[in-house]
Amino acid sequence: VTVPTELGPYGTVDTKRRAGLGGGKKVNYMTQEEDWDRDLLLDPAWEKQQRKTFTAWCNSHLRKAGTQIENIEEDFRNGLKLMLLLEVISGERLPKPDKGKMRFHKIANVNKALDYISSKGVKLVSIGAEEIVDGNLKMTLGMIWTIILRFAIQDISVEETSAKEGLLLWCQRKTAPYRNVNVQNFHISWKDGLALCALIHRHRPDLIDYSKLRKDDPIGNLNTAFEVAEKYLDIPKMLDAEDIVNTPKPDEKAIMTYVSCFYHAFAGAEQAETAANRICKVLAVNQENERLMEEYEKLASELLEWIRRTIPWLENRVAEQTMRAMQQKLEDFRDYRRIHKPPRVQEKCQLEINFNTLQTKLRLSNRPAFMPSEGKMVSDIANAWKGLEQVEKGYEEWLLTEIRRLERLDHLAEKFKQKCSLHESWTTGKEHLLSQKDYETASLMEIRALMRKHEAFESDLAAHQDRVEQIAAIAQELNELDYHDAASVNTRCQGICDQWDNLGTLTQKRRDALERVEKLWETIDQLYLEFAKRAAPFNNWMDGAMEDLQDMFIVHSIEEIQSLITAHDQYKATLPEADKERIAIMGIQNEITKIAQTYGIKLVGVNPYTVLSPQDITNKWEAVKQLVPHRDQMLQEEVARQQANERLRRSFAAQANIIGPWIQTKMEEIGHVSVDITGSLEEQMNNLKQYEQNIINYKSNIDKLEGDHQLIQEALVFDNKHTNYTMEHIRVGWEQLLTTIARTINEVENQILTRDAKGISQEQLNEFRASFNHFDRKRNGMMDPDDFRACLISMGYDLGEVEFARIMTLVDPNNTGVVTFQAFIDFMTRETAETDTAEQVMASFKILASDKSYITVEELRRELPPEQAEYCICRMTKYSGPDASPGALDYISFSSALYGESDL
C-alpha cells in the first residue's frame, strides 16, 4: 500500500511518491521511536476531536450491520466489532471469531483483525492486540486512524496525486470559485465552515444558499454544514462546531476523516461527470468529422460542377468567321486562365488538404476511413482535373491555329479581290470587241491594222493566262481553308473562268475571220505594228510590276522580311533596263511621227494595232516609279515590326530561362526538406513555411512573364527559338509547385498531429523516417511492397504471407501497389498507441444509465451538455429489450456505430 503524504503522529510514510514516478514503499503507520512519546504529546483537544470523529466514522459503517459503538476504547476490546467493522468497509469475510470471553479469546480476535489489516499491505508498528484489549485509547485511536487511511483516504486519486494530497487537491478544485474560501490544509482552512458549505453547494446547490453565509459566523456555518450533511447526504455529525472554532489548530485527522466522507458521498457524481466528459469528447470528435465530411462533399460537388460546365466550353471548336471574333475568344480564354481558373486551383488543393486532414483525424480517433460519395473521390477529382487540362491545352492550340488560319484567309481573300479587280478591269469590253465584224467594211489598211491589233490582243491574252491561273489557285486555297464567304469567291472565280473560256473562243473565231481576208490586204504599217508588239509586253511588265509593288505580304521573322527586301532590291536593279525599253518604244512612236512629218502623212486616230498610247506608257511608268519608294517604306516598317517582335521574344526567353529552372530547383528543395530527418517536424514545418512564403513572393515574376506573353500573342508571334519554355510549361510548373508545397506542409502537419495525438517522440518519428528513406530505393517518397516487407522485417516483424497481406490492406487500401510515408507513419503509430474504443464509450454510457442496458432522454439531458445530449437523442434508436421502459434509447448500438460502418 502506498500513501503519498505525511499521516500525523500515528505513523509516517514515503512523502515523495507520485503517480507515474515509480513504485511506492510499504507503509509504516507507526514506528518504534515515536510510540509512546507521541502518545504523551497528543493534545487533549485533538484527542477529544479524534474520539468523537472516529466514533462517528465507525458507527457510519457499523450501522450497515445493525450495530454501533458508544465508547471507542471499550467497545473494540473483545475484537468482535473491530472484525465486523473491517468486514463492512472491505466487503470481505474475516476468519471466524472466537466466542469466548476470556482475555486470550479477545486477544485472538483483535489479532485476526490486525492480521487482516497487515494482509492489505499495512505494516503496523507498536500496535499490539494487548493494548487494544486493555483499552489503551491512544493505541485504539492510532489503529482506527490506520484503518481510515487504508480504506477511506488511500484510494482517493485526483489527476496525478493521491491520498492526502489528492483529497486536498479535490477540495481546492471544488471550492476554487467560492469567495472567502482558500483551502490550503486540513486544519485552520476549515475553521470558518465556509469550505464545508462550499463543497456541499458545489454538488448540491439546492441544499444551501451560499450567498447568505457570513465569514464572521463560523459556528453557524459549521452547524449548517453538519446538519445538511447528516440530513441529506447520510454523513453523520463527527465534529463539534465549538471545538473546531475554539481550538487554535483543529485536529488534522478528524478534519480529513470527515472531509473524506464528502469525497466518497460525491464520488458517484464525479464518476458520472467523468463519463459525461468522455462521451462529450467522443461526440465532439464525431461532430467535427461530420462537419469536415459535409464540407468536403460540398467543395467536391462545386468543383466537379465547375469542371463539368467548363469542359464543354473548352471542347467547343466551332470557329468564328472573323479575326475580331476569334481574338475575342482568345481574350476570353486569357480571362479564364488569369481570373477564373486560379481560385479553382486553390479549391482543388484545399480539397486534398481537407481530405488528408479528415482521414488523419478519423484514424487518430479510431474511426473508419471516410469514403466520399460515388464520383467524388480525390482520384475522381484529379481525373476530372486532368481531363480539363487536356481539353484546355487543346483549346489554346486550336485558337492559335484558327487565328493563323483566319489571318491567312484574310490575306488570300484581299489578294483574290485585287487580282479579280485587275482582271475584270482588263477584260471589260473585250468580248464586245472580239464580237465586232468591223473587218467586213474596212479598207486594206484597216484590215491589216485589225489583224495586227488582233495579234497584239492574243499576245496580251496569253500574258493574262498566269493571272487567271493565280485567281483559280487562290480560290481553291480559300476553299481548302474553309473560308466563310467561299460561295461568293467560287461564283466570282467561276464567272472569270467562263469569261476566259469565252474570250479564247471569240479570239480564235476572229483570227479565223481575219486570216480569211488577210490575203486581200498587203500594206502593213510596220512601225505601228512594232510599237504595238513592244508596247504590249512592256505594258504587261509594268502591270505586273505595279501588281507586285502593291502586293500584300505577311512575314513572321527577320529572315523572311530580309528575303523580301532582297527580292525588291533585285527588282529595282532591273529598272534601268526597263527604262531603256521604254525609251526604245517611245523612239518607235517618235519615228512614226517623224516619218509622217517627213512624208506629209496625216495621222488620224490612234495606233490601229494597239489601244496603248505613248501617254499610257508614260503615265504607267511614272506610277511605277512612285510605287517603288512606297514599297521601300512598307518593307522598312515591317523590318521595324519584326525587330520589335524579336525583342519581345528575347525578353520573354530571358525571364522564362530563369523562372523555369527556379521552379524545378524549388521542387527538388521541397523534396529534400520533406525527407530530411536531421531536425524536428516543427523545424521542417518552419522551413516549408519559408519556402511557401518565398514562392508567394516570387509570384510577381510569373505575373510579369504573363504580361510579356500577352504582348507576344497580341503581336501574333507564335514561335521563339531563344527558349524551350512556353508559357504553358511555366503555368503547369507553377501550379505543380504550389500544389507540392501545400501538400508537403499538410503531410508534415498530419505527422505533427499524429505524433501529438499518439504520444510518439521526435526520435521515434526520425527512426521511422530513416527506415522509410533507407528502403525508398527509387527516392520517390514511396516503397514497393517488397521494400516495405524488407523494412518491416528489419524492424523486428515476423511476417507470414497472410499477416503481410493484412498489413498491406491497411497501408494500401486502394491497391495502388505502393506505400506512402504517411501510410507508413499511420501504421507504425497504430502499432504503438491506443485510442478510445466502443467498449469504453459503452461503459461510460452504462455509468450514466445507472447500470441499465438502456438510457432515457432525461438522463442524457441531465448528464450531458445540451448540444451533445440532443445529438445522441436524434441518433439513438429505441431500445427493444425485455426490460425496456417508455422512451428507452439503445446506447449500445449507438456506441458500436461510432466505430463501425454507419451513416454517422
Side-chain angles (χ1 to χ4, degrees), residues 411-430 433 453-478 492-493 496-497 499-500 503-504 507 530-555 560-561 563-589 607 609-635 638:
H411 170 71
L412 290 175
E414 191 61 32
K415 189 172 184 178
F416 176 83
K417 292 177 183 178
Q418 185 182 42
K419 289 187 177 294
C420 286
S421 296
L422 289 173
H423 178 78
E424 288 168 348
S425 175
W426 178 83
T427 59
T428 300
K430 293 297 190 292
L433 181 64
K453 182 179 180 180
H454 186 70
E455 290 175 354
F457 173 77
E458 287 181 327
S459 178
D460 197 7
L461 185 67
H464 281 78
Q465 177 69 33
D466 289 339
R467 181 181 294 161
V468 174
E469 292 175 355
Q470 290 175 3
I471 290 172
I474 292 172
Q476 182 178 355
E477 187 172 359
L478 287 172
R492 192 171 186 181
C493 181
I496 289 174
C497 291
Q499 185 186 43
W500 184 256
L503 284 176
T507 299
E530 185 178 357
F531 177 88
K533 287 186 176 182
R534 297 187 65 173
F538 185 72
N539 181 66
N540 288 335
W541 176 86
M542 288 191 295
D543 286 341
M546 292 177 67
E547 181 178 352
D548 291 338
L549 291 172
Q550 299 178 76
D551 189 24
M552 298 176 65
F553 58 84
I554 177 171
V555 295
E560 291 178 3
I561 189 62
S563 175
L564 289 179
I565 291 174
T566 301
H568 183 62
D569 291 339
Q570 292 174 354
Y571 163 75
K572 289 192 294 185
T574 64
L575 288 179
E577 288 296 327
D579 192 42
K580 290 181 182 179
E581 178 64 14
R582 181 189 67 81
I583 292 173
I585 292 173
M586 297 307 295
I588 293 175
Q589 180 61 36
N607 190 325
Y609 303 116
T610 181
V611 295
L612 294 174
S613 66
Q615 190 60 43
D616 293 334
I617 299 297
T618 300
N619 291 342
K620 193 167 290 189
W621 177 254
E622 292 299 325
V624 168
K625 290 196 297 182
Q626 291 177 2
L627 288 173
V628 170
H630 178 70
R631 183 71 169 186
D632 287 334
Q633 181 182 355
M634 290 178 61
L635 291 173
E638 184 62 27

Q.
So that I can tick it off, tell me whether Lys533 and Glu530 are bridged by a salt bridge, with the cut-off set at under 4.0 angstrom between side-chain N and carboxylate O.
A.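 So Glu530 does not pair with Lys533 through a salt bridge.
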Please set out all donor-acceptor pairs under 3.5 angstrom arising from side-chain atoms of residues 415-422, sequence neighbours excluded.
from, atom 1, to, atom 2, distance (Å)
Lys419, NZ, Gln470, OE1, 2.7
Lys419, NZ, Glu547, OE2, 2.0
Ser421, OG, Lys417, O, 2.8

Once salt bridge (charged side-chain N to carboxylate O under 4.0 Å, His left out) is applied, do any residues pair with [X], and if so which ones, sequence neighbours excluded?
X	value
Asp569	Lys572
Glu458	Arg511
Asp460	none

Q) How close do Pro537 and Ala532 get, heavy atom to heavy atom, and via which atoms? A)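 Closest heavy-atom pair between Pro537 and Ala532: CD-O, 4.4 Å.
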Q) Where do Met586 and Thr618 come nearest, in terms of heavy atoms and distance? A)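 Smallest heavy-atom distance, with atoms named: CE-OG1, 4.1 Å.
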Are [X] and [Y] side-chain neighbours, meaning at least one heavy-atom pair lies under 4.5 Å?
X	Y	value
Gln499	Lys430	no
Asn539	Thr610	no
Leu627	Val624	no
Phe538	Met542	yes

Under the side chain to side chain contact (heavy atoms under 4.5 Å, CB included) rule, collect the residues that match up with [X], sequence neighbours excluded.
X	result
Met634	Phe553, His630
Glu477	Arg408, Leu412, Leu481
Thr574	Trp541, Tyr571
Asp579	Arg582, Ile583, Trp621

Measure the spacing between [atom1] of [X] and [atom2] of [Y] and express it to the nearest 0.5 Å.
X	Y	atom1	atom2	result
Leu635	Leu564	CG	CG	6.5 Å
Leu433	Thr507	CG	OG1	9.0 Å
Glu469	Cys497	CD	SG	10.0 Å

Q. Residues two or more places apart in sequence or in another chain: which of them pass ring-ring contact (aromatic ring centres under 6.0 Å, His included) with His423?
A.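 For His423 the ring-ring contact (aromatic ring centres under 6.0 Å, His included) partners, ignoring immediate neighbours, are Trp500.
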Q: Can you sort out the partners of His454 under ring-ring contact (aromatic ring centres under 6.0 Å, His included), two or more places apart, ordered by chain and number?
A: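 In terms of ring-ring contact (aromatic ring centres under 6.0 Å, His included), with neighbours along the sequence ignored, His454 is linked to no residue.
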Q. Who are the side-chain hydrogen bond (donor to acceptor under 3.5 Å, both in side chains) partners of Arg534, not counting sequence neighbours?
A.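 Expected list: Glu581.
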(Q) Run the side-chain hydrogen bond (donor to acceptor under 3.5 Å, both in side chains) test against Asn619 and tell me which residues pass, sequence neighbours left out. (A)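 For Asn619, the residues satisfying side-chain hydrogen bond (donor to acceptor under 3.5 Å, both in side chains) (neighbours in sequence not counted) are Gln615.
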Q.
If you count every heavy atom of other residues, nucleotides or ligands that lies below 6.0 Å from Lys620 atom NZ, does the total exceed 12?
A.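 Buried by this count: over 12 neighbours within 6.0 Å.
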